[in-house]
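Computed from a predicted structure; not experimentally measured. All residue numbers in this chain count up from 1 along the given sequence.
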Amino acid sequence: MLEEDMVGNAARMQHVMLAEMAALKARHPSVRDFRAIGLFGAIELQKDRQGTRMAPYNGSHPAIDRMMAFFKQEGLFTISHWWTLMCNPPLSITEAELREGFAIIDRGLAITDEAVEG
């Protein structure tokens, strides 16, 4: 990790991740909130414009399940936890690879956008 400056890369990529997440929030009504420290990030999903979380505590939502299946089909492997999509790429990721991953997330969020009420 030290020889390949993984921690430094995570710090450098944080601004890219946060910018991509902000763009997703601006485009997608299903994005409730987002956060990241280095390359450890999360996107929260909502089911209405009032900010109600898309999935219940300890549960899921059919739209989230469909979005996760889409990600897998597109070659993006991540996890969701209740109403939260985890964004935790390898610490060695390049800016181009990170943006490619967020392009897949952008397309997948169209699925959860369809489930937003109101």
Side-chain angles (χ1 to χ4, degrees):
M1 285 185 69
L2 292 174
E3 289 175 14
E4 296 182 29
D5 193 29
M6 299 287 179
V7 174
N9 190 58
R12 288 186 297 277
M13 292 297 110
Q14 177 179 321
H15 80 279
V16 176
M17 179 177 274
L18 288 171
E20 290 287 336
M21 290 175 161
L24 293 176
K25 183 171 173 58
R27 273 195 301 276
H28 294 282
S30 63
V31 175
R32 178 177 187 259
D33 202 4
F34 64 90
R35 61 191 167 277
I37 297 174
L39 286 171
F40 186 76
I43 298 171
E44 294 183 14
L45 302 174
Q46 63 186 10
K47 69 177 182 177
D48 57 39
R49 305 273 181 169
Q50 290 72 43
T52 306
R53 293 175 173 129
M54 185 165 276
Y57 177 80
N58 206 24
S60 188
H61 188 282
I64 294 173
D65 296 339
R66 288 192 306 274
M67 178 186 67
M68 295 304 293
F70 171 81
F71 290 159
K72 187 175 181 181
Q73 176 185 348
E74 294 293 308
L76 181 73
F77 296 93
T78 188
I79 61 170
S80 64
H81 184 65
W82 306 332
W83 56 86
T84 304
L85 172 63
M86 303 303 173
C87 300
N88 310 109
L91 297 181
S92 60
I93 197 163
T94 66
E95 182 174 340
E97 291 167 335
L98 187 58
R99 290 189 189 280
E100 180 182 347
F102 274 100
I104 296 169
I105 293 171
D106 187 27
R107 294 192 308 272
L109 285 171
I111 296 167
T112 53
D113 288 348
E114 291 175 0
V116 174
E117 302 164 3

Under a single-linkage rule joining Ile, Leu, Val, Met, Phe, Trp and Tyr whose side-chain heavy atoms are separated by less than 4.5 Å, which residues share a cluster with Ile37?
->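 None; Ile37 is a cluster of one.
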
Donor-acceptor pairs are to be reported for all side-chain atoms of residues 77-89 against protein atoms at under 3.5 Å, with residues two or more places apart or in another chain.
from  : atom 1 : to    : atom 2 : distance (Å)
Thr78 : OG1    : Met86 : O      : 2.5

With Arg32 via salt bridge (Lys or Arg N to Asp or Glu O under 4.0 Å) - residues at least two apart |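 Arg32: salt bridge (Lys or Arg N to Asp or Glu O under 4.0 Å) contacts with Glu44.
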
Looking at residues at least two apart in the chain, or sitting in another chain, which of them share a salt bridge (Lys or Arg N to Asp or Glu O under 4.0 Å) with Arg49?
->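 Here no residue qualifies.
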
Partners of Thr112 by side-chain hydrogen bond (donor to acceptor under 3.5 Å, both in side chains), sequence neighbours excluded?
->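 Checked Thr112 against side-chain hydrogen bond (donor to acceptor under 3.5 Å, both in side chains); matches are Ser30.
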
Name all residues meeting the side-chain hydrogen bond (donor to acceptor under 3.5 Å, both in side chains) criterion together with Arg27; count only those two or more places apart in sequence or in a different chain, and write none if there are none.
->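 For Arg27, the residues satisfying side-chain hydrogen bond (donor to acceptor under 3.5 Å, both in side chains) (neighbours in sequence not counted) are Asp106.
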
Distance-only check: which donor-acceptor pairs under 3.5 Å involve side-chain atoms of residues 67-76, not counting sequence neighbours?
from  : atom 1 : to     : atom 2 : distance (Å)
Glu74 : OE1    : Arg107 : NH2    : 3.0

Nearest 0.5 Å please: distance from the NZ atom of Lys47 over to the CZ atom of Arg53.
->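 That separation rounds to 12.0 Å.
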
Just how far is it from atom CD of Glu100 to atom CD1 of Ile105, taken to the nearest 0.5 Å?
->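 Those atoms lie 11.5 Å apart.
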
Solution key, residues 10-22 side-chain donor-acceptor pairs under 3.5 Å, sequence neighbours excluded:
from  : atom 1 : to    : atom 2 : distance (Å)
Arg12 : NH1    : Asp5  : OD2    : 3.0
Arg12 : NH1    : Gly8  : O      : 3.3
Arg12 : NH2    : Asp5  : OD2    : 3.3
Gln14 : OE1    : Gly38 : N      : 2.7
His15 : ND1    : Arg12 : O      : 2.6
Glu20 : OE2    : Arg99 : NH1    : 2.6

Excluding sequence neighbours, so at least two apart, what forms side-chain contact (heavy atoms from CB on, under 4.5 Å) with Glu97?
->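 With sequence neighbours excluded, Glu97 shows a side-chain contact (heavy atoms from CB on, under 4.5 Å) to Ile93, Thr94, given in chain and number order.
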
Under the side-chain contact (heavy atoms from CB on, under 4.5 Å) rule, collect the residues that match up with Met6, sequence neighbours excluded.
->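 side-chain contact (heavy atoms from CB on, under 4.5 Å) check on Met6 returns Met1, Glu4, Leu91, Ser92.
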
Minimum heavy-atom separation for Ile111 to Ala63, with atom names?
->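 In terms of heavy atoms, the two residues are closest at CG2-O, 3.6 Å.
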
Sequence neighbours left out, what pairs pass ring pair (Phe, Tyr, Trp, His ring centres under 6.0 Å) with at least one residue falling in residues 18-54?
->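 Every pair satisfying ring pair (Phe, Tyr, Trp, His ring centres under 6.0 Å) with a residue in residues 18-54: there are none.
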
